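Worksheet: one structure, shown below.
Atoms within each ligand, like the ligands themselves, are counted from 1 in listed order. Positions are given from 1 along the sequence. Quick caveat: nothing in here was measured; it's all calculated off a predicted structure.
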Amino acid sequence: MQGANYIDGRWVEGATPFTTQNPSDLDETVGSYTKVGEAEVREAMAAARRAQPAWAAFNMQARADILYRIAELLKARAPEIGKLLSREEGKTLPEGIGEALRAAQCFQAAAGDVIRAQGEWYNSMRDGFNVLVTREPLGVIAAITPWNFPIALPSWKIAGALAYGNAVVLKPSSFVPGCAVMLAQIIEDAGVPAGVFNLVMGDGRATGNVMIDEADGLTFTGGTATGRAVLTRAAETMTKCQLELGGKNALVVLDDADLDLAVEIASNGAWIQTGQRCTGTERLIVTRGIHDAFVERMAKVAGSYRVGHALDPETQIGPVANVQQFNENLQFVIDAQAEGAELAAGGGAVEARTRGLYMAPTLLTGTRAEWRCNQHESFGPIASVIKVEDLDEAIHAANACEYKLSSGIATTSLKNAERFRKASKAGMVMVNAPTAGLEYHVPLGGRSPSGYGARETGSTAAEFFTESKTSYINHGAV
Ligand code: NAD
């Protein structure tokens with residue numbers, strides 16, 4: 001795995017070395033890698049294009065077996081991957097291992113997708129004709145991923161792409177290349193033919209542009225601003241896109257909520273995994289009758305978490321993943337206070353046994369829906385409370401934000417839950433449940449500008465990873 005780039009079945013060294021740092025301990029280097037240049041990225045795209053037709057024609061059962069083998073290898077190596085993930089990204093060890101197992105399940109499910117029937121048969125308006133609607137692989141898929149799910153996120157993109165007969169070039173975030181390298185090793189060991197899967201390390205724009213230009217489809221997950229840039233680039237070549245982007249997710253807590261449950265799901269959504277989930281709960285919209293009791297309980301929970309080194313068994317919340325995000329989080333709190341938010345918990349850095357990027361779970365209160373702190377994604381362990389009078393005002397506040405990824409409600413009234421579920425503009429709605437994670441058999445994603453194009457998982461994966469063909473057959477002609 002020298003050099004950490006995997007192109008056409010070979011491990012390739014690039015010209016630009018870089019290292020990664022453990023966010024739990026800035027004095028520890030996790031790995032050394034190299035970035036490739038434009039020529040190697042073009043080579044990876046060309047290798048994928050050469051390899052794709054044979055992969056599409058590969059025996060169906062054999063293709064399913066290979067994907068299943070990837071799942072088995074991921075499961076077997078989950079403790080090792082989980083540990084690397086914790087050192088590289090800062091998730092706690094159980095979270096890291098859990099993510100590796102989820103990655104395995106994505107390949108396991110995709111193995112089943114390979115052998116599922118794809119196509120429909122119709123009668124024709126013309127006598128003696130039939131109409132077939134079939135699905136064909138899209139071709140070469142460019143996959144670009146962020147740092148917050150270093151093993152599961154590339155996995156569900158690659159699993160979907162390979163299942164439907166595509167070849168893939170993956171560019172992971174340079175903050176977390178180690179998990180992508182391990183995944184590439186596993187894909188190689190499982191017997192995926194050379195060129196069908198390729199891994200390149202590089203700077204976002206330069207590498208991304210070549211990939212977008214040369215690909216048939218782009219599956220991208222990252223921030224909304226980056227999403228806009230890749231979509232603009234893709235417009236030039238009309239490359240098919242599916243984008244999963246930022247969120248500013250709201251949880252509505254009504255007077256009739258079960259307070260214990262409301263606090264449990266709100267604290268989980270806001271602070272677990274250091275708030276670094278695209279579906280993390282950042283806005284807590286709470287009606288007047290329950291507001292004070294809810295805030296008091298939330299502040300207590302925030303203060304009770306053990307924040308520390310990701311590999312310490314007692315740690316509940318690991319560090320912020322990188323210095324840039326850490327500084328942005330601290331500035332976010334300062335800016336929120338400047339516009340009038342009060343600090344009910346946390347707000348700053350905390351000390352632990354190592355020199356890490358530790359931030360206290362933070363609760364801001366007395367905020368208004370239109371304030372910057374309720375309009376901009378923080379992507380850290382920070383949630384702000386908006387006090388409202390009733391469900392109508394809560395629905396209005398929840399929808400009064402450009403992001404439309406996920407939302408939730410805590411209530412004991414089925415009527416209120418159903419009203420909110422229908423009125424929410426988000427792509428995913430949770431009722432009395434913590435914020436959305438991946439269930440790989442259903443679509444995951446948001447509405448624009450939190451997402452764009454067909455969702456990449458579940459029943460909608462085929463929409464993105466294949467092209468449809470409608471064939472009219474005059475079976476009475478000859
Ligand atoms: P980011 O947008 O900075 O980077 C994402 C990826 O894009 C990285 O690999 C980066 O190198 C690459 N990139 C950067 N500029 C590029 C360009 N011009 N062209 C092509 N590629 C480019 O995001 P991040 O900081 O790594 O991740 C955090 C963001 O991801 C948050 O906004 C979060 O909400 C979002 N996210 C969304 C989902 C979802 O499913 N909706 C899931 C996870 C994360």
Side-chain angles (χ1 to χ4, degrees), residues 18 35 38 41 88-89 91 99 102 142-157 169-177 179-180 199-215 218-236 239 241-249 273-282 320-329 332 376-380 402-406 426-428 435-440 442-458 460:
F18 72 105
K35 292 181 183 177
E38 200 183 305
V41 181
E88 195 176 54
E89 196 264 356
K91 282 197 177 81
E99 192 185 321
R102 183 44 59 97
I144 300 179
T145 51
W147 49 260
N148 66 329
F149 284 97
I151 191 75
L153 221 152
S155 289
W156 75 65
K157 289 185 187 304
V169 178
L170 168 70
K171 191 209 87 64
S173 164
S174 303
F175 287 119
V176 289
C179 286
L199 169 68
V200 292
M201 309 280 170
D203 292 329
R205 186 188 304 267
T207 309
N209 283 353
V210 176
M211 290 170 70
I212 294 164
D213 292 353
E214 303 286 329
L218 167 71
T219 172
F220 171 90
T221 302
T224 292
T226 322
R228 281 203 178 93
V230 299
L231 193 56
T232 305
R233 181 75 185 197
E236 285 174 30
T239 303
C241 285
Q242 88 77 228
L243 316 176
E244 298 302 342
L245 308 171
K248 187 75 193 170
N249 313 296
Q273 290 184 27
T274 325
Q276 297 174 151
R277 286 180 286 182
C278 54
T279 54
T281 306
E282 296 197 6
V320 174
N322 56 68
V323 174
Q324 183 187 325
Q325 186 66 52
F326 184 69
N327 291 336
E328 282 174 19
N329 290 353
F332 188 94
H376 287 252
E377 184 182 40
S378 70
F379 214 57
E402 69 158 349
Y403 289 108
K404 298 180 185 72
L405 186 53
S406 75
M428 295 176 281
T435 191
L438 173 74
E439 292 208 23
Y440 44 79
V442 289
L444 169 120
R447 299 178 181 176
S448 178
S450 288
Y452 183 91
R455 311 279 202 273
E456 64 193 310
T457 55
T460 47

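For F379, the ring-ring contact (aromatic ring centres under 6.0 Å, His included) criterion is met by W147, not counting sequence neighbours. When the side chain to side chain donor-acceptor pair (under 3.5 Å) test is applied to S450, no partner is found at least two apart in sequence or on another chain. Partners of E328 under the salt bridge (charged side-chain N to carboxylate O under 4.0 Å, His left out) rule, at least two apart in sequence or in another chain, do not exist in this structure.
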I'd like the atom pairs linking ligand 1 to the protein - N or O on both sides, separation under 3.5 Å - with distances to 0.1 Å.
from, atom 1, to, atom 2, distance (Å)
ligand 1, 2 (O), G223, N, 2.8
ligand 1, 2 (O), T226, OG1, 2.6
ligand 1, 9 (O), T145, O, 2.7
ligand 1, 9 (O), K171, NZ, 3.1
ligand 1, 11 (O), K171, NZ, 2.9
ligand 1, 21 (N), G204, O, 3.4
ligand 1, 23 (O), G223, N, 3.4
ligand 1, 25 (O), W147, NE1, 3.0
ligand 1, 26 (O), W147, N, 3.4
ligand 1, 30 (O), G222, O, 3.3
ligand 1, 32 (O), E377, OE1, 2.7
ligand 1, 34 (O), E377, OE2, 2.6
ligand 1, 41 (N), L245, N, 3.2
ligand 1, 41 (N), L245, O, 2.7

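The neighbour count for Y452 OH, taken as heavy atoms of other residues, nucleotides or ligands under 6.0 Å away, does not exceed 12. Environment of CD in E402: crowded, with over 12 heavy atoms of neighbouring residues, nucleotides or ligands closer than 6.0 Å.
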List the steps and the verdict of side chain to side chain contact (heavy atoms under 4.5 Å, CB included) for L444 and R455.
CA-CA 6 Å; L444 169 120; R455 311 279 202 273; 6.0 Å; no
